[in-house]
Amino acid sequence: MARESERLLAEAWRVIPGGVNSPVRSWRAVGGSPAFIARGEGPYLFDVDGRRYVDFVGSWGPLILGHAHPAVVDAVYRQAKVGTSFGAPTTLEVELATLLVDALPAVEQVRLVSSGTEATMSALRVARAATGRDRILKFVGCYHGHVDALLVRAGSGALTLGVPDSPGVPACLADLTVLGAFNDVDGTRAAIRRHGAMLAAVIVEPVAGNMGVVPPVPGFLEMLREETMRVGALLIFDEVITGFRVGWTGAQGRFAINPDLTCLGKIIGGGMPLAAFGGRRDLMSLLAPTGPVYQAGTLSGNPVSVAAGLAALRALRADADTYFRLDHLGQLAERELREALVDARLPGTVNRVGSMLTMFLGVERVTNYAEATGSDTARFATFFRRMLDEGIYLPPSQFEAMFVSLAHTEEHIRLLGAAARKALNVTEP
Ligand code: PMP
């Protein structure tokens, strides 16, 4: 079983730390040896041992159209033929920037970068320069990439692996990061007021995705908007996951809150390395060359990535039903998973916003980080491995989001449900 994947992992261990280029890919949280992937097609992944899985990871969010979508592949191919990088402006960048500015209510100008980490790092720099303040407030369990100041009580791999504070992050930088509790309206209000005069920004995943999916409680994002304005700090929405996922207008449109700055990634690159940060024109014009805040990138706005992103976003926009369909499939997935829990008489719950969802095992509700981390990770690990045996590829951690794509059909969602019933109903190992 999985012989070629295991052989490759051993080989990888020799030359790559832990054999992987991003920690969560190691399956450390669920045990076992990660499947090495040979190819993807629509809703399916195929590993090097010839096994096929229905994929609910979608490369951790970007693949809202599924794998190897023809329009995206064609755009990549056509651009690659005429050049892969110029280090000079191109028409495509203007087209993508225009599309982003038109779609997102709070984005007047945008700059393209290559990863979500770069986007949040740069947004913080703009916020600090604009306010002349150093402190930032982030929420425990929210992950914003591996930026020094943001790798403090972070979610995603950092949460999964129990490395909340990484060695190598200078204490003096971590000291500038104030922590809040996601969805704690009163506590966060008090923290913003307490640090007010020194606070450059509050950064938040408007729908938390990196402690598993946790939607904002009514009033939470509104409070952040009000209180940051009151103390003169900026509000940064990290929409790297939620941008074009929870709707064409992102979380900012869905919840009708205008942040000062927005970080984007994943979907906007169509599966290629591409991210962005943007927001109010007066803030973005602080960036060089118009302003003094330095930020740059050899491959920023890379034409192949931009072509892929544009193709993906245009495909999403082409169909007026896109987000209705995604929500419908997400709803079906939620129902199937809930029914599987009931069938198995297991405590658990499913959180969902549109096509992003998490089934938490062992807890009745999850509205914040404390409740999320109360879930039964050992049971999740067993569940993950059994789902894999059933041909369903889930995120290899309790604290991640599953993503439904437009390549999934109701039939794939029913397969998910049937597999979950089987995987949960088996008596404990
Ligand atoms: N912000 C959020 C909300 C994320 O989920 C991620 C990555 N999963 C990042 C930022 C960092 O993006 P990247 O991995 O492209 O650096």
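Heads up: numbering here begins at 1 and tracks the sequence. Read the numbers this way: they start at 1 and go in the same order the structure lists the ligands and their atoms.
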query = Tyr143 near ligand 1, heavy-atom distance under 4.0 Å?
reply = yes

query = So, do His408 and Phe56 have ring centers that fall under 6.0 Å from each other?
reply = yes

query = Is any side-chain N of the basic residue among Glu336 and Arg338 closer than 4.0 Å to the acidic one's carboxylate O?
reply = no

Numbered atoms of ligand 1 (with element) below 4.0 Å of Gly145, judged on heavy atoms = 9 (C), 10 (C), 11 (C)

inquiry  = I'd like to check whether Thr117 has a polar contact with ligand 1, where a contact means an N/O of the residue lying under 3.5 Å from an N/O of the ligand.
reply    = yes

task = Please confirm whether Glu118 comes under 4.0 Å of ligand 1, counting heavy atoms of the residue only.
result = no

request  = For ligand 1, indicate whether the residue Glu205 contacts it via side chain, backbone, both or neither (heavy-atom separation under 4.0 Å).
outcome  = side chain

ask   = Do we see a donor-acceptor contact under 3.5 Å between the side chains of Glu95 and Thr98?
value = no

ask   = Under 4.0 Å from ligand 1, counting heavy atoms only, is it the side chain of His146, its backbone, both or neither?
value = neither

request  = Please find out if less than 6.0 Å separates the ring center of Phe360 from that of Phe380.
outcome  = no

note = Taking only non-hydrogen atoms of Lys266 and a 4.0 Å limit, the atoms of ligand 1 in range are 5 (O), 7 (C), 8 (N)

query = Thinking salt bridges, do Arg225 and Glu222 make one under a 4.0 Å N-O criterion?
reply = no

ask   = Which atoms of ligand 1 have any heavy atom of Gly116 under 4.0 Å away?
value = 11 (C), 12 (O), 13 (P), 15 (O), 16 (O)

request  = Taking atom types as modelled, find out whether Glu400 and Ser397 have a side-chain donor-acceptor pair closer than 3.5 angstrom.
outcome  = no

ask   = With a cut-off of 4.0 Å, which atoms of ligand 1 are near a heavy atom of Ser115?
value = 15 (O), 16 (O)

message = Is the distance between the ring centroids of Phe403 and Trp60 under 6.0 Å?
response = no

query = Under 3.5 Å, N or O to N or O, is His144 touching ligand 1 that way?
reply = no

request  = Can you figure out which of Asn210, Thr120, Val207, Asp238 has its heavy atom closest to atom 1 (N) of ligand 1?
outcome  = Asp238

message = Using a 4.0 Å cutoff against the non-hydrogen atoms of Ile241, which atoms of ligand 1 qualify?
response = 5 (O)

key: Student check: side-chain heavy atoms of Leu137 and Leu199 closer than 4.5 Å   = yes

